[in-house]
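Residue numbers start at 1 and run along the sequence shown. Just so it is clear, the model here is predicted, and its values are computed rather than measured.
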Amino acid sequence: MFVGREAELDLLRAELRLSAAGPARRAVVEGPEGIGKTALIRQALGDASKVRTLAACGDAGERHLRYGIVRQLLPDVAGDDPWTVGQAMCEAIRRSQADGPVVVLVDDAQWADRPSLRALCYTVRRLGGERVLVLVACRDADDPWLPVGLRRLLTGDGACRISLQGLSVAELARLPERAPEGATGGRPPKDMGSPGKAAGTRRRLPGGEKNGEPPPGEESGRAGPALMVLSRGPGATGASTGQASARETLPPRAAARLHAHTLGNPLHARAMLAAFPASVLADPGVRLPAPVTYAATFTRRLRSCGPRARALIAACAVLGDGCTLYEAATVARAMAGTAARAGADHSPETGARTEGATGARTPELDALENAVEAGVLVEEAGRAIRFREPLGRAAAYDALGAGTRARLHLAAARIAGDTGAELRHRAAAASGPDEGLAEELAWYAAKEAQHGLWHEAATHLELAAGLTHSAGRRDELRTAALEHVLVGGDVVRAAQLAASPNADPRPVRRYVLGRLALAEGRLEDAGRLLEEAWSHRETSYAADVAERLAWLRLLGDDRPEAARWARLALDQPIQSPAARPYDVLALAGDPCPQAPPGSLAEAVRLLREDEVGPAREVLDRAAGELAEAGLPCHRLLALALLAVAEYRDGRWDDAVERAERAERAVAEAAGLGQRWLLPCLEVACVAPLAARGEHDRALAHVTAAREEAGRQRSVLGETQADLAMAVLGAGAAPPTAGDAFVPDPRPQLVETFVAEGALQEAQVVLDGLADAGDGPRARAQRARLEGLLFAARNVPAAAEERFTAALELAGDAGCRMEEARVLLDLGRLLRRTGRRRLAAERLQAARADFAGLGARPMVARCAQELEACGLEPAVTARLGLTPQEFSTATLVADGLTNRQIARELLISVKTVEYHIGKIYTKLGIGSRVALAARLAAYGENP
């Protein structure tokens with residue numbers, strides 16, 4: 001399986017094509033060990049036909065074997081000096097290229113012998129018009145081992161230099177997973193090292209990072225093209241042999257963590273995939289070791305260091321990246337027998353006494369210099385130290401013995417700058433149960449939870465569970481850790497924790513499992529577990545149970561029951577720092593006057609009162625505050641509502657940006673396992689996208705929302721999907737108000753009824769809009785729709801009066817979108833009553849506003865009316881279409897259905913079908929695809 005590297009492959013293929021015509025070409029592929037240089041070259045050469053390859057590969061053990069590379073390339077070439085050998089190579093290559101192009105390949109040139117490299121340099125200089133590509137692969141084209149002349153030839157003008165970087169997270173996700181044979185529970189095989197067990201808990205590296213890895217979803221390193229070649233042997237069965245599984249992609253969380261650990265190096269990533277299943281790679285609680293593919297190289301580097309440098313490296317492995325030289329040196333003294341502890345007069349790293357400007361010895365700086373020269377550590381500003389590669393830290397930690405590791409952790413605990421780091425180091429040093437330390441960790445976790453540090457608190461609770469001797473107390477701590485992970489929003493990790501054995505008999509365990517079932521969209525299981533927990537009504541968690549039941553009833557679209565449970569939650573004496581019952585109360589339709597300022601509930605109330613501008617400001621602020629509070633569920637809801645608010649406020653340019661954020665929120669919710677949020681997040685993307693004519697993209701969100709709601713049996717989700725379909729003008733539009741996440745479809749329904757001549761039905765729906773709020777925007781919308789009805793009933797004076805009133809109200813509301821709609825409808829009325837010049841002014845103003853907002857369907861509608869005013873574009877005449885037919889054609893090419901086109905142009909579906917038939921006849925085509933192609937030929941495809 002070949003992944004990525006499209007750009008690099010194109011470069012190599014281009015060099016092959018150019019060399020086939022002459023003159024000779026030069027190319028170098030460079031990158032660290034395991035990055036995929038050889039695989040890239042094989043892929044490029046495998047695609048080339050009629051190309052002869054002369055190949056050689058360097059070897060560390062044969063680096064001083066004279067002309068070893070030349071003998072691999074051309075066994076018959078003889079000579080004792082580079083010039084004689086080089087001349088013989090030139091003649092042999094010239095003879096070879098007579099029958100077709102030739103590739104001279106030297107792989108692993110950093111291990112090639114110097115005489116061969118000098119002969120190659122001589123040869124390259126003298127290849128002129130021959131059809132030859134000289135291709136060199138090495139770790140660094142600037143390696144001093146390569147002769148200066150050869151380096152210049154490979155990196156100078158006319159040469160193709162390809163520097164390979166690691167796989168991106170997305171490309172890692174496409175690699176086949178190779179689970180270890182007989183792997184259970186994610187335990188690594190012996191040859192990979194062990195994540196370790198500290199007092200019965202999964203090992204973490206304290207002090208270096210939170211939870212042992214970057215936050216889920218954050219990528220590090222280059223995200224460019226990448227390569228991996230993996231294959232299954234003949235007859236491999238996967239499940240029985242530990243070979244690649246049937247999984248097509250690695251889960252995003254596992255891919256992100258694998259990328260952070262290996263920096264996308266294909267060799268090391270493949271080794272990790274061979275040793276660990278995806279569930280372990282995705283689990284931040286498991287400390288990932290260095291794979292054997294890296295450990296051997298790192299061991300060589302480590303052995304090149306003196307005792308002080310090795311002690312410093314060990315201390316950095318325990319402290320983590322970002323520690324200072326002073327901290328690392330202080331901890332390093334805990335390693336018995338090191339030169340730093342012995343206080344020797346001579347530095348083992350240099351073999352001589354070293355003094356600074358004042359005559360004082362600087363053993364720590366010497367040790368750091370030694371470690372940097374060995375390629376293990378990197379020095380940064382302020383004497384901060386980090387490992388050159390993340391795998392370096394893992395390998396260094398793996399190399400520590402149990403006693404040494406414990407001493408280093410205890411030394412690190414003594415200099416820790418905060419209580420959490422101190423406790424983690426002490427836990428890592430524990431050799432068995434420690435009830436006192438376990439309770440300290442539990443106490444500290446409680447403090448973190450009060451400040452919204454849910455994942456950090458869960459980590460410390462898990463450590464505490466591993467340090468307690470009591471099985472009952474261990475289960476209680478693990479239940480608490482599971483709850484904190486759920487509150488922090490990570491349902492995937494919570495599910496992994498819930499799968500571990502836990503005999504906690506307390507009713508709170510039912511509440512936590514019910515909360516997990518709700519987040520996963522298992523609504524029936526959630527109802528059973530939460531109701532069982534509520535039956536006990538324990539004060540400590542009763543409010544949380546009631547709030548979860550309120551959300552459950554809301555998903556069932558039972559708003560009165562949802563509001564009742566939310567009020568019950570508010571009435572409980574003890575409230576969790578994460579409690580937000582007023583949010584579900586507001587979404588259930590209760591005014592919720594006690595909702596705190598700046599909350600999601602306040603924004604929902606403002607949206608219902610048509611105070612869209614203030615609601616938008618509240619949501620923008622609330623999204624940031626909820627992120628700081630560590631409550632991703634409510635933050636994702638705020639982002640979705642913000643997209644809808646921007647749309648309703650007429651800020652379509654902002655709304656599309658928000659829609660893209662809402663789409664990212666959908667992806668984030670899926671990555672966290674928050675499936676219960678997916679229907680409402682999906683439908684929130686629909687209106688802003690549809691407004692700009694991206695109907696296919698919007699329809700995909702509706703389809704996804706409907707499918708997810710069906711899987712969950714979420715009545716609310718299915719209702720939201722129906723409303724979103726109505727917004728798209730597809731399916732039966734219910735004459736009801738919109739949901740908080742879906743704009744009210746009734747105004748569009750009025751326009752559709754007017755276009756179809758169903759004026760009585762339009763009046764009924766319009767009368768129902770009295771409950772849509774009394775703000776200027778809502779009144780402007782109602783006035784415009786009333787004008788449409790008057791115009792359809794042929795009462796132009798009344799229609800113009802209502803349009804004028806609507807224009808004034810929209811201006812007062814600052815709603816640019818509604819103002820442009822009024823200008824369009826007023827322009828249409830003026831044209832039909834014979835005032836074409838005045839109509840053109842209104843239509844041009846409307847078109848400018850719509851174009852600025854990116855509302856392409858509305859721009860097309862304005863163009864239709866302007867054409868009817870006599871401003872016909874030249875392309876219409878060239879195509880031989882009437883203005884109405886041209887407008888219909890552009891909307892067809894944009895992917896709209898006949899019903900959607902009828903709604904956009906305010907005509908009936910039958911009229912649309914008639915126009916499409918005429919268009920096909922005039923253009924001599926028979927499909928929508930052909931029509932889009934024809935318009936594209938004239939530069940008119942939207």
Side-chain angles (χ1 to χ4, degrees), residues 439 441-462 464-465 468 470 472-491 493-495 497-498 500 502-520 522-555 561-585 594 629-634 674 676:
E439 292 309 315
L441 284 162
W443 168 82
Y444 188 72
K447 289 187 61 178
E448 288 178 311
Q450 291 175 355
H451 292 87
L453 302 174
W454 305 106
H455 294 294
E456 292 83 349
T459 295
H460 291 123
L461 287 168
E462 288 184 77
T468 184
S470 167
R473 178 59 174 157
R474 184 183 307 119
D475 289 341
E476 291 176 4
L477 290 168
R478 286 176 176 167
T479 296
L482 173 58
E483 181 185 8
H484 287 13
V485 171
L486 278 171
V487 174
D490 193 345
V491 180
R493 186 181 173 206
L497 295 178
S500 301
N502 190 321
D504 188 355
R506 300 174 302 153
V508 68
R509 176 77 179 176
R510 306 295 183 276
Y511 149 65
V512 174
L513 293 177
R515 182 168 190 150
L516 173 61
L518 175 61
E520 291 181 322
R522 296 183 287 112
L523 305 189
E524 291 183 2
D525 292 342
R528 174 177 52 79
L529 290 164
L530 290 170
E531 287 170 5
E532 183 180 347
W534 176 255
S535 66
H536 294 272
R537 285 186 177 82
E538 289 193 12
T539 306
S540 60
Y541 63 86
D544 296 314
V545 177
E547 183 178 346
R548 293 302 107 186
L549 283 167
W551 283 109
L552 185 64
R553 299 298 184 264
L554 183 64
L555 294 179
E561 271 295 287
R564 184 178 75 84
W565 279 106
R567 284 191 289 269
L568 278 173
L570 286 168
D571 292 341
Q572 301 305 309
I574 298 179
Q575 298 287 328
S576 163
R580 297 292 189 278
Y582 37 80
D583 288 348
V584 65
L585 191 62
Q594 66 269 46
L631 300 174
C633 293
H634 293 268
Q674 297 281 356
W676 69 301

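In this structure the side chain of V487 reaches within 4.5 angstrom of the side chain of R515, judged on heavy atoms.
Between L631 and A578 the shortest heavy-atom distance is CD2-CB, 3.7 Å. Taking both residues in full, the closest heavy atoms of H484 and A449 are given as NE2-CB, 3.8 Å, listed atom of the first, atom of the second, then distance. The minimum heavy-atom distance linking A481 with L461 is given by the pair N-CD1, 3.7 Å. In this structure, L570 and L585 approach most closely via the heavy-atom pair CD1-CD2, 4.1 Å. Shortest non-hydrogen contact noted between V485 and A494 is CG1-N, 3.7 Å. Shortest non-hydrogen contact noted between A533 and Y541 is O-OH, 3.8 Å.
Separating the CG atom in L513 from the CG atom in L482 is a distance of 6.5 Å, to the nearest 0.5 Å. Atoms CZ and CG, from R564 and L549 in turn, are 9.0 Å apart once rounded to the nearest 0.5 Å. Remark: E462 CD to L477 CG distance equals 10.5 Å, nearest 0.5 Å. Separating the CZ atom in R493 from the NE2 atom in H455 is a distance of 7.5 Å, to the nearest 0.5 Å. Taken to the nearest 0.5 Å, the NZ atom of K447 stands 11.0 Å off from the CG atom of L453. Of the inter-residue distances, the one linking L529 atom CG with R509 atom CZ reads 10.5 Å to the nearest 0.5 angstrom.
A donor-acceptor contact shorter than 3.5 Å is absent between the side chain of Q572 and the backbone of S540. Put simply, the side chain of N502 gets close to the backbone of D475: a donor and an acceptor are under 3.5 Å apart. Proximity of a side-chain donor or acceptor of S535 to a complementary backbone N or O of E532 within less than 3.5 Å is detected.
By the 4.0 Å N-to-carboxylate-O rule, E483 lies too far from R506 to be salt-bridged with it.
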Evaluate the criterion side chain to side chain contact (heavy atoms under 4.5 Å, CB included) for residue pair E520 and V491; output intermediate values, then yes/no.
CA-CA 7 Å; E520 291 181 322; V491 180; 3.5 Å; yes

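Counting non-hydrogen atoms of neighbouring residues, nucleotides and ligands closer than 6.0 angstrom, the NE2 atom of H451 reaches no more than 12 such neighbours.
Using modelled atom types, one finds a donor on one side chain and an acceptor on the other under 3.5 Å when comparing Q674 with W676. A side-chain N or O of H634 and one of D583 form a donor-acceptor pair less than 3.5 Å apart.
Among pairs with a residue in residues 533-548, none fulfils salt bridge (charged side-chain N to carboxylate O under 4.0 Å, His left out), at least two apart in sequence or across chains.
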